[in-house]
J.: 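The structure that follows is given in the form of structure tokens.
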Amino acid sequence: MLLKVDGMAFSYRANPVLQGVTFEVRPAELVVILGPNGAGKSTLLKCLNGILRPSGGAVLLDGKPLRAFGPERLARLVGYVPQATQANFMTVFDAVLLGRKPHFGWGPSAGDLEFAERVLRLLGLESLALRRLHELSGGELQRVTLARALAQQPRLLLLDEPTSNLDIRSQLDIMAALRDIAHQGDVSCLVATHDINLGLRYGDRFLVMKDGLIWAQGDAHVIQPELIEEVYGVGALVAEVHGLRLVIPCRAAEGKGKLPLVPVRLGERG
Amino acid sequence: MMQETARQASVAAAYRRHTSTRAAFAALLLFLLVPASLYALNVGSYALSLGDLAQALAEPASRVGLVLWRIRLPRIVASLLVGAMLGPAGAVMQCLLRNPLASPFTMGISHGAMFGAALGIALIVGAGGAESSGRIFVHNPYAVVLLAFSGSLVGVLAILALARARGLGPAAIILAGVAMSSLFTAGTTLIQYFAEDQELASMVYWTFGDLGRPIWRELGLMGAVAIPCLAYFCFKRWDYNAITSGDETAKSLGVRVERDRLLGMLLASLVTAVAVAFVGIIGFVDLICPHAVRLLVGGDHRYLLPSSALLGALLLLVADTAARSAIAPAILPVGVLTSFLGAPMFIYLLVQMQSRA
């Protein structure tokens with residue numbers, strides 16, 4: 001087990017944001033966190049890499065408590081892609097090289113430069129290497145942020161809404177890249193997202209959160225109309241189209257089951 | 001296959017070439033300091049040829065040697081030192097507060113130091129006073145520096161507290177800085193109000209910034225504070241790069257953001273306080289230099305910090321030389337000149353920041 005979270009809690013000024021969060025992440029898997037706004041998805045991610053300090057419970061990384069790692073050692077094991085990235089005067093290569101920081105002492109070695117270049121190529125950013133971040137599009141910036149996190153050579157990658165503000169092509173590109181990174185690169189990914197269908201398409205397992213609690217977890221089959229209604233307050237169809245499991249939201253109650261869909265096989269209900 | 005490997009090698013190699021131009025920029029600035037210093041050494045009532053200059057320098061006891069060693073050389077060293085202190089101080093504050101308008105001058109930290117130093121000179125018996133020539137002299141530079149630092153501490157801690165408070169944007173922080181500099185200026189004025197005529201004249205002159213004041217002993221003290229602080233800033237260059245990318249990103253890269261921010265801000269204000277204590281307030285150098293470097297070679301702190309120091313030194317030296325020769329034999333206060341440069345730049349940055357937000 002790469003990550004074991006047991007009964008983790010977090011409070012912000014006496015308001016509980018997370019309560020009794022318990023789950024595990026295995027090596028080389030992509031886990032998707034779903035849930036409405038304010039469910040605690042971002043907070044959960046931030047508690048796993050030292051940005052926030054959980055107020056209770058245990059977080060074990062590689063069998064050792066998170067607190068036992070110093071910030072630098074933790075940065076060599078856990079990468080983080082925040083929701084919004086500061087576009088500044090750095091070049092793309094500088095930004096990616098920054099991901100090597102936890103590994104180098106005084107400055108980057110030739111090996112660090114090489115590694116940064118490998119990551120740039122992996123994400124198709126080599127032609128942008130010397131462009132400044134504030135000149136990039138949203139999709140390019142998102143890829144740079146991912147590249148920086150990958151340059152850390154982490155075992156676990158935490159991503160907060162990596163596909164928000166991206167066009168559909170970039171969304172698919174990023175998620176496909178993450179799946180490959182997880183399955184082939186042996187870097188487990190924990191992805192918080194609002195896009196249920198994108199998550200369903202690429203995720204191996206799912207955590208569904210609401211009000212700081214984990215309401216359900218498991219493989220794609222935990223995503224059922226009842227759960228969607230319970231968690232999001234929206235009636236929904238769960239269907240399979242060409243082998244893709246899809247959640248089709250409807251207006252609560254009256255819309256349920258009445259969408260004029262063509263060749264759709266309804267998912268099993270309950 | 002050969003082509004493939006050539007292409008493979010290109011990105012890191014291109015990046016190395018790219019960074020070497022950044023280093024070349026720093027080297028160019030360093031090189032420009034030489035003719036600028038020589039010219040500054042030669043400007044004044046005694047015009048000398050290069051050979052005479054060398055000869056006079058070799059004979060400190062001669063009439064010309066005395067002028068060089070006692071007046072011109074300390075002035076040049078003060079310009080270089082203060083410029084090299086203020087440039088990086090501004091760069092560090094802009095990074096740590098992630099605010100393009102931040103600098104010791106615009107945040108009122110310089111004025112805090114000024115107030116502290118004035119308080120020291122006026123109130124502490126024996127710390128300093130004014131000579132009949134109208135020069136402020138400092139008997140006890142340590143006490144004055146300490147008080148200047150205390151004044152700047154009040155400023156910087158207030159700014160940090162405000163920056164931490166929720167909902168205060170970059171523009172609001174700058175406004176708070178404006179309020180603080182007014183407050184400290186009022187305090188300094190109050191001290192001047194109760195000062196004797198002689199002291200008053202020199203204190204007013206001091207508020208414009210005067211690079212001719214420090215003597216060698218004071219320059220030594222300035223250097224002793226500046227060099228370790230600048231070394232610390234350069235040591236932290238990668239952490240600053242990370243902080244520029246956002247606090248959360250920096251933390252995820254193992255940077256202790258809160259600690260680095262506090263320590264960096266404190267050291268930047270210490271550097272400022274020492275400069276202000278001996279030469280007064282010289283506005284906008286700390287704001288302009290990092291921006292100019294960022295525009296020319298980018299925001300990588302590996303190069304931004306040393307280049308800001310070098311550009312600060314060069315800018316202040318050139319500005320002071322111009323201030324000395326513009327209406328010679330009278331000497332313009334150098335702070336007036338830098339403000340002419342800096343105020344338009346400040347407004348430009350403000351407009352840019354507002355249009356981006």
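Every chain is numbered from 1, with letters handed out A, B, ... down the list of sequences.
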J.: With no hydrogens and no angle check, do the side chains of His194(A) and Asn37(A) hold a donor and an acceptor under 3.5 Å apart?
T.: yes
J.: Quiz question: by atom type and distance under 3.5 Å, do the side chains of Thr244(B) and Asn241(B) form a donor-acceptor pair?
T.: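 There is no such pair (donor and acceptor under 3.5 Å, judged by atom type) between the side chains of Thr244(B) and Asn241(B).
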J.: Can you sort out the partners of Arg205(A) under side-chain hydrogen bond (donor to acceptor under 3.5 Å, both in side chains), two or more places apart, ordered by chain and number?
T.: Glu29(A)
J.: Keeping the roles fixed (side chain from Ser11(A), backbone from Arg13(A)), state whether a donor-acceptor pair exists under 3.5 Å.
T.: no
J.: If I measure from the heavy atoms of chain B, does Ala110(A) come under 4.5 Å with its side chain, its backbone, both, or neither?
T.: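 Both backbone and side chain of Ala110(A) come within 4.5 Å of chain B.
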J.: Using a distance-only test with no angle check, is there a side-chain donor-acceptor pair under 3.5 angstrom linking His183(A) and Arg179(A)?
T.: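 The answer is no; no qualifying pair exists.
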J.: List in chain and number order the residues that pass salt bridge (charged side-chain N to carboxylate O under 4.0 Å, His left out) with Arg155(A), two or more places apart in sequence or in another chain; answer none if no residue qualifies.
T.: Asp62(A)
J.: Can you tell me which portion of Leu133(A) sits under 4.5 Å from chain B's heavy atoms? Options are side chain, backbone, both or neither.
T.: neither
J.: Can you check whether anything in residues 255-268 of chain B gets within less than 4.5 Å of chain A, heavy-atom wise, and list it by number?
T.: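 From residues 255-268 of chain B, the residues near chain A are Val255(B), Arg256(B).
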J.: What option among Ala129(A), Ala116(A), Pro102(A) has the most heavy-atom pairs under 4.5 Å with chain B?
T.: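 Maximum pair count with chain B is reached by Pro102(A).
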J.: Find the one option among Arg132(A), Arg76(A), Glu72(A), Met90(A) whose heavy-atom pairs under 4.5 Å with chain B are most numerous.
T.: Arg132(A)
J.: What part of Asp247(B) gets within 4.5 angstrom of chain A, counting heavy atoms only: side chain, backbone, both, or neither?
T.: neither
J.: What distance do Glu140(A) atom CD and Thr145(A) atom OG1 have between them, rounded to the nearest 0.5 Å?
T.: 11.5 Å
J.: Can you list the residues that meet the salt bridge (charged side-chain N to carboxylate O under 4.0 Å, His left out) rule with Asp173(A), with sequence neighbours excluded?
T.: Arg169(A)
J.: For Leu74(A), which atoms come within 4.5 Å of any heavy atom of chain B: side chain, backbone, both, or neither?
T.: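 Contact with chain B is absent: no heavy atom of Leu74(A) under 4.5 Å.
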J.: Which class fits the ring pair Phe233(B) and Tyr240(B): parallel under 30°, tilted 30 to 60°, perpendicular over 60°?
T.: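 The arrangement is tilted - the two ring planes meet at 30° to 60°.
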J.: Heavy-atom pairs under 4.5 Å with chain B: which of Val81(A), Thr91(A), Leu113(A), Asp94(A) has the most?
T.: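 The answer is Asp94(A).
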